[in-house]
Engineer: 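Okay, handing you the structure first.
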Amino acid sequence: MTLPHDYVERVYAGVLGKIIGVYLGRPFEGWSYERIMAELGEINYYVHEKLGKPLIVTDDDITGTFTFLRALPDHDNRRDLTPAQIGETWLNYLIEERTILWWGGLGNSTEHTAYLRLKHGIEAPRSGSMALNGQVVAEQIGAQIFIDGWAMVAPGDPEFAADLARRAASVSHDGEAIYGAQVLAAMEAQAFVEHDLDTLLNTGTSLIPQDSTIARMIAQLRELRTGEPDWRKARAWLDANYGYHKYGGGVHMAPNHGLMMLSLLYGDDDFQKTLMIVNTSGWDTDCNSGNIGCLMGIKNGLAGLETGPDYRGPVADRLYLPTADGGRAISDAVIETYHIANIGRALAGLPPVAQKNGARFHFETPGAVQGFMPEQSIECEGTVTMENVTGHSKLGKRSLALHYRGVSLSRDARVATATFMSPEAARMPGYELLSSPTLYPGQTVRARVEADAGNAAPITCNLYIHRYGADDALVIARSPQIALEPGDGHEFTWKIEGNGSDPICEIGVELSSEKRADGTVYLDTMTWDGTPDVAFTKPAHDGTMWKRAWVNGADRLDAWGKLRVTQNEGTGLVMQGTREWMNYRVTADVTPHLVKSGGIAARVQGMRRYYALLLCPDNKARLVKVLEGTKILAEADFAWAFDDAHQLSLCVQSNRIEASIDEHILFTVEDTDTPLTGGAVALVCEEGRLETETVTVQPLP
């Protein structure tokens with residue numbers, strides 16, 4: 001598989017098209033064509049404000065697309081990845097009743113039904129089979145809405161994309177649902193190297209049975225397009241012949257797939273018009289709009305997104321991915337682009353790419369702002385605008401220009417990007433945003449800025465963070481300031497202070513001056529590294545966001561002075577941290593109450609990937625590795641009793657794991673069989689209740 005020369009940029013356009021499409025259609029998801037026309041009219045731009053809803057939201061279409069694809073890197077990017085392995089990825093990243101899916105119940109929600117099959121030991125593809133779940137359940141839309149990522153890792157290889165789509169879709173779906181997913185995936189993969197719509201349609205339909213409903217419907221729509229110029233009449237024909245009344249279930253694949261094909265056929269190869277048709281037509285608008293937005297983004301590139309109104313500006317690359325891997329929840333289109341592109345590169349036998357030495361924020365894709373937004377507080381509103389520009393980069397080709405105007409005493413300019421959920425995101429309705437911060441005390445932030453040579457005077461510059469404090473109010477902390485002379489550059493190195501109980505929700509750049517200042521400063525890179533040095537405990541104030549920083553994968557998480565974890569059946573985890581945490585020591589006081597087993601975990605990468613030190617039945621202590629099953633690495637006799645507290649500690653360094661209880665080392669082992677290299681920390685509770693007062697994470701000497 002040879003990658004296109006503009007592969008990364010086209011993936012970025014596809015990711016942007018996906019999230020723009022979802023945000024465009026989400027506010028009126030499920031509405032009929034008649035209601036949309038009566039209350040909103042044709043959908044030519046975002047309508048969230050008209051309906052009193054936020055623009056940037058958690059959504060199953062986005063989270064599932066970029067999460068289930070992790071099955072590939074989690075299994076060494078093998079081309080022979082199996083449906084069963086993708087199903088295991090579901091079990092690892094999903095938190096039952098909380099993340100990604102519509103949890104509508106057995107036989108009602110196709111994905112929930114499949115999850116329950118997987119949970120009870122039925123592997124994919126049987127978990128999604130028509131034989132087990134029935135035709136109505138198996139042929140709903142979910143096979144299609146999560147499929148874009150599998151296409152973007154197979155550019156120019158529609159057969160491979162369709163096969164990946166079949167494997168992924170079969171976890172939860174069957175029949176016509178899989179055929180629709182295969183057509184879309186093949187078209188998206190071929191769109192990297194082919195622009196003509198008829199050729200793309202021929203490619204997609206050639207890979208599914210020609211007597212299928214999907215193939216027959218597409219052929220009829222193509223024939224209809226040759227004689228009927230009005231998309232509204234074509235939509236009415238589709239409704240009459242393939243509408244919801246023809247199928248059972250809530251959201252069937254065929255009607256919605258038909259709307260996507262109709263919008264392509266009548267959209268005149270224009271991003272705005274194509275999305276207008278698919279959204280105005282109704283039904284599952286965010287799903288259909290997201291898939292078509294991705295295809296149009298891949299096919300026409302970034303330029304194709306900019307022929308109409310400014311869709312990118314309000315989005316600012318922002319997206320949320322709430323899963324059991326909480327450190328990936330706060331993300332952006334550039335970060336996800338490089339995750340996808342590096343999977344594609346691995347499948348092609350190529351090494352990964354990392355811009356500007358792997359900086360988290362590097363702005364190397366045209367137009368990217370990576371979630372940075374001007375602060376709109378009273379003291380900052382109107383003082384700065386942003387623009388992705390060529391130049392002013394030490395290691396790359398692009399940077400983020402901060403154009404400041406009227407900065408003066410008590411009129412600062414600030415731009416920031418999220419590191420945790422904002423106050424607005426914490427109140428967001430719909431799918432819950434579970435996340436951990438991406439930045440913690442003890443880590444070192446590194447950022448490079450440069451002043452434009454045409455600035456009339458120096459500008460004072462510093463980095464800053466906002467963290468949650470008393471009553472969940474935002475509290476600012478600043479790095480040391482520097483006077484940035486015209487034409488000069490500066491590299492900040494700032495170690496974050498604090499104890500970890502108050503989550504850091506954003507980081508940014510602040511510009512200030514005692515006298516009026518106008519000019520431009522360029523942000524070249526921003527990143528951070530190092531192991532946190534934190535103590536997670538209930539703060540003295542009454543804020544609640546410290547608890548929200550724990551990703552709750554247990555039945556209950558209470559915070560009555562201490563963290564109390566309750567699990568009614570099976571094993572629950574309460575997690576905090578990111579995959580970038582590699583070598584560290586985690587320690588916690590653990591008090592078991594009527595618990596089967598419980599303890600702490602390190603290098604946690606979801607619900608089924610971690611190391612744990614556990615107090616177990618029959619007065620045993622065990623060091624276990626959970627990775628698609630549980631393996632006991634070491635065990636010893638250890639007398640423990642309900643309501644007695646013990647200090648548990650895990651030290652992970654390279655492939656060496658050291659476990660101790662009450663400061664006595666019990667086990668030291670080396671894991672040479674697919675070791676877990678990084679991840680969060682967690683409290684682990686199997687069938688019962690345990691509590692802790694403080695969890696500490698410390699760097700190793």
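Heavy atoms only: backbone and side chains are in, while hydrogens, waters and symmetry mates are out.
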Engineer: Looking at CZ of Arg166 and CD of Gln182, how far apart are the two atoms once the value is rounded to the nearest 0.5 Å?
Structural biologist: 7.0 Å
Engineer: If you define the side chain from C-beta out and look only at heavy atoms, does anything of Leu321 sit under 4.5 Å from Tyr93?
Structural biologist: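 No, their side chains stay 4.5 Å or more apart.
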Engineer: Do Leu265 and Trp231 touch side chain to side chain, with heavy atoms closer than 4.5 Å?
Structural biologist: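 With C-beta onward as the side chain, the pair stays apart.
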Engineer: Measuring centre to centre across the rings, with the benzene-like ring taken for any Trp, is Tyr431 within less than 6.0 Å of Tyr320?
Structural biologist: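 They do not qualify: ring centres at least 6.0 Å apart.
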Engineer: What residues form a salt bridge (charged side-chain N to carboxylate O under 4.0 Å, His left out) with Glu111, not counting sequence neighbours?
Structural biologist: none
Engineer: Please, which pairs that meet side chain to side chain donor-acceptor pair (under 3.5 Å) have at least one residue in residues 97-109, sequence neighbours excluded?
Structural biologist: none
Engineer: How about His5: does its NE2 atom have over 12 heavy atoms from other parts shown lying under 6.0 Å from it?
Structural biologist: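 No, NE2 of His5 has 12 or fewer neighbouring heavy atoms, counting only those of other groups under 6.0 Å.
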Engineer: Gly249 and Val136: which non-hydrogen atoms are nearest, and at how many Å?
Structural biologist: N-CG1, 3.2 Å
Engineer: How many angstroms lie between CD1 in Ile56 and CE in Met428, if you round to the nearest 0.5 Å?
Structural biologist: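 Ile56 atom CD1 to Met428 atom CE measures 9.5 Å (nearest 0.5 Å).
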Engineer: Would you name the heavy atoms of Glu188 and Ile298 that are closest together and state the gap between them?
Structural biologist: O-CG2, 3.7 Å
Engineer: Is it the case that the side chains of Asn256 and Tyr244 hold a donor-acceptor pair, with the cut-off being a distance below 3.5 Å and no angle test?
Structural biologist: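 Yes, side-chain donor-acceptor contact under 3.5 Å.
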Engineer: With under 30° as parallel and over 60° as perpendicular, where do the rings of Phe363 and Phe361 fit, or are they tilted in between?
Structural biologist: parallel
Engineer: In the structure I gave you, are the side-chain heavy atoms of Arg232 and Tyr33 within less than 4.5 Å of one another anywhere?
Structural biologist: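 Arg232 reaches Tyr33 side chain to side chain.
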Engineer: Could you report the tightest heavy-atom contact between Ala181 and Ala143, atom names first, then the distance?
Structural biologist: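 Taking Ala181 first and Ala143 second, the nearest heavy atoms are CB-O, 3.4 Å.
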Engineer: Rounded to the nearest 0.5 Å, what separates atom CG in Leu224 from atom CE in Met261?
Structural biologist: 15.0 Å
Engineer: For residues Arg222 and Asn202, determine if any side-chain heavy atom of one lies less than 4.5 Å from a side-chain heavy atom of the other.
Structural biologist: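 The answer is yes, as the side chains (C-beta and beyond) meet within the 4.5 Å cut-off.
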Engineer: Please enumerate all residues that pass salt bridge (charged side-chain N to carboxylate O under 4.0 Å, His left out) together with Asp239, with sequence neighbours excluded.
Structural biologist: Arg235
Engineer: Determine, step by step, whether Glu432 and Thr58 satisfy the side-chain contact (heavy atoms from CB on, under 4.5 Å) criterion, reporting the C-alpha distance in whole Å, the side-chain angles of both residues, the deciding distance to 0.1 Å, and the verdict.
Structural biologist: CA-CA 7 Å; Glu432 185 177 2; Thr58 48; over 6 Å; no
Engineer: If every non-hydrogen atom of Leu197 is compared with every non-hydrogen atom of Leu264, which pair is closest and at what distance?
Structural biologist: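 Scanning both residues completely, I find the closest heavy atoms to be CD2-O, 3.3 Å.
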Engineer: Using atom types as modelled and distance alone, determine if a side-chain donor or acceptor of Gln140 lies under 3.5 Å from a backbone N or O of His252.
Structural biologist: yes
Engineer: For a 4.5 angstrom cut-off between non-hydrogen side-chain atoms, does Glu96 reach Tyr115?
Structural biologist: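 Side-chain contact under 4.5 Å: yes.
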Engineer: Between His362 and Tyr338, does the ring centroid distance fall short of 6.0 Å?
Structural biologist: yes
Engineer: Answer yes or no: is there a donor N or O on one side and an acceptor on the other, between the side chain of Ser206 and the main chain of Thr203, under 3.5 Å?
Structural biologist: yes
Engineer: One pair to check against side-chain hydrogen bond (donor to acceptor under 3.5 Å, both in side chains): Asn291 and His257. What are the steps and the verdict?
Structural biologist: CA-CA 10 Å; Asn291 285 140; His257 190 86; over 6 Å; no
Engineer: In the structure I gave you, are the side-chain heavy atoms of Phe372 and Met386 within less than 4.5 Å of one another anywhere?
Structural biologist: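 In contact.
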Engineer: Apply side-chain contact (heavy atoms from CB on, under 4.5 Å) to residues Leu24 and Ile43 and explain how you reach the verdict.
Structural biologist: CA-CA 8 Å; Leu24 189 61; Ile43 307 298; 4.2 Å; yes
Engineer: Under the side-chain contact (heavy atoms from CB on, under 4.5 Å) rule, what do Leu132 and Ser127 come out as? Steps first, then yes or no, please.
Structural biologist: CA-CA 7 Å; Leu132 187 61; Ser127 57; 5.8 Å; no
Engineer: Is it true that a side-chain atom of Thr280 and a backbone atom of Glu42 form a donor plus acceptor pair closer than 3.5 Å?
Structural biologist: no
Engineer: Would you find a donor on one side and an acceptor on the other, under 3.5 Å apart, between the side chain of Thr65 and the backbone of Ile145?
Structural biologist: yes
Engineer: When you check the gap from the basic side-chain N to the acidic O, do Glu176 and Arg216 get nearer than 4.0 Å?
Structural biologist: no
Engineer: Side-chain contact test, heavy atoms from C-beta onward, threshold under 4.5 Å: evaluate it for Leu259 versus Trp283 and give yes or no.
Structural biologist: yes
Engineer: Please check if the side chain of Thr419 supplies one atom and the backbone of Thr438 the other of a donor-acceptor pair under 3.5 Å.
Structural biologist: no
Engineer: Under the 3.5 angstrom rule, does the side chain of Asp163 hit a backbone N or O of Glu159 as a donor-acceptor pair?
Structural biologist: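 No.
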Engineer: On a heavy-atom basis, which atom in Met217 and which in Ala254 lie closest, and how many Å separate them?
Structural biologist: CE-O, 3.2 Å
Engineer: Can you tell me how far the OG1 atom of Thr89 sits from the CG atom of Leu81, to the nearest 0.5 Å?
Structural biologist: 7.0 Å
Engineer: Please state whether the rings of Trp90 and Phe146 are parallel, tilted or perpendicular, taking 30° and 60° as the class boundaries.
Structural biologist: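 Perpendicular.
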Engineer: Determine whether Phe420 and Arg548 satisfy the following criterion, side-chain contact (heavy atoms from CB on, under 4.5 Å), listing intermediate values before the conclusion.
Structural biologist: CA-CA 10 Å; Phe420 184 49; Arg548 293 287 299 268; 4.3 Å; yes
Engineer: For atom CZ of Arg318, is the number of surrounding heavy atoms from other residues, nucleotides or ligands below 6.0 Å larger than 12?
Structural biologist: yes
Engineer: When you compare the side chain of Leu118 with that of Val171, does any pair of heavy atoms fall below 4.5 Å?
Structural biologist: yes
Engineer: Which pair of non-hydrogen atoms, one from Ala186 and one from Leu207, has the smallest distance, and what is that distance?
Structural biologist: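 The pair with the smallest heavy-atom distance is CB-CD1, 3.7 Å.
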Engineer: Under the side chain to side chain donor-acceptor pair (under 3.5 Å) test, which residues partner Asp317, sequence neighbours left out?
Structural biologist: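 Once residues adjacent in sequence are excluded, the partners of Asp317 under the side chain to side chain donor-acceptor pair (under 3.5 Å) criterion are Tyr12.
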Engineer: Passes side-chain hydrogen bond (donor to acceptor under 3.5 Å, both in side chains), Asn133 versus Thr110? Steps please.
Structural biologist: CA-CA 8 Å; Asn133 301 329; Thr110 300; over 6 Å; no
Engineer: Would you mind checking if Arg26 and Asp61 are paired as a salt bridge, meaning a charged N to carboxylate O distance below 4.0 Å?
Structural biologist: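 No, Asp61 and Arg26 are not salt-bridged.
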Engineer: Please check: side-chain N/O of His173 versus main-chain N/O of Gly142, any donor-acceptor pairing under 3.5 Å?
Structural biologist: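 Side chain of His173 to backbone of Gly142: a pair is present.
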Engineer: Can you sort out the partners of Pro4 under side-chain contact (heavy atoms from CB on, under 4.5 Å), two or more places apart, ordered by chain and number?
Structural biologist: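 Per chain and number, Pro4 pairs via side-chain contact (heavy atoms from CB on, under 4.5 Å) with Asp6, Tyr7, Pro155, Phe192, Val193.
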Engineer: When you measure from the side chain of Glu228 to the backbone of Thr226, do you find a donor-acceptor pair of N or O atoms at a distance under 3.5 Å?
Structural biologist: no
Engineer: Excluding sequence neighbours, so at least two apart, what forms salt bridge (charged side-chain N to carboxylate O under 4.0 Å, His left out) with Arg35?
Structural biologist: Glu39
Engineer: Working to the nearest 0.5 angstrom, can you tell me the gap between Asn288 CG and Ser281 OG?
Structural biologist: 9.0 Å
Engineer: Can you tell me how far the CD atom of Gln144 sits from the CG atom of Leu184, to the nearest 0.5 Å?
Structural biologist: 5.5 Å
Engineer: Given 3.5 Å as the limit, does a donor-acceptor pair link the side chain of Ser212 with the main chain of Pro209, or not?
Structural biologist: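 Present.
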Engineer: CD of Glu223: more than 12 outside heavy atoms within 6.0 angstrom?
Structural biologist: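 12 or below, so no.
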Engineer: Has Arg414 got a side-chain atom pairing as donor or acceptor with Glu375's backbone, closer than 3.5 angstrom?
Structural biologist: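 Looks like no, no N/O pair under 3.5 Å.
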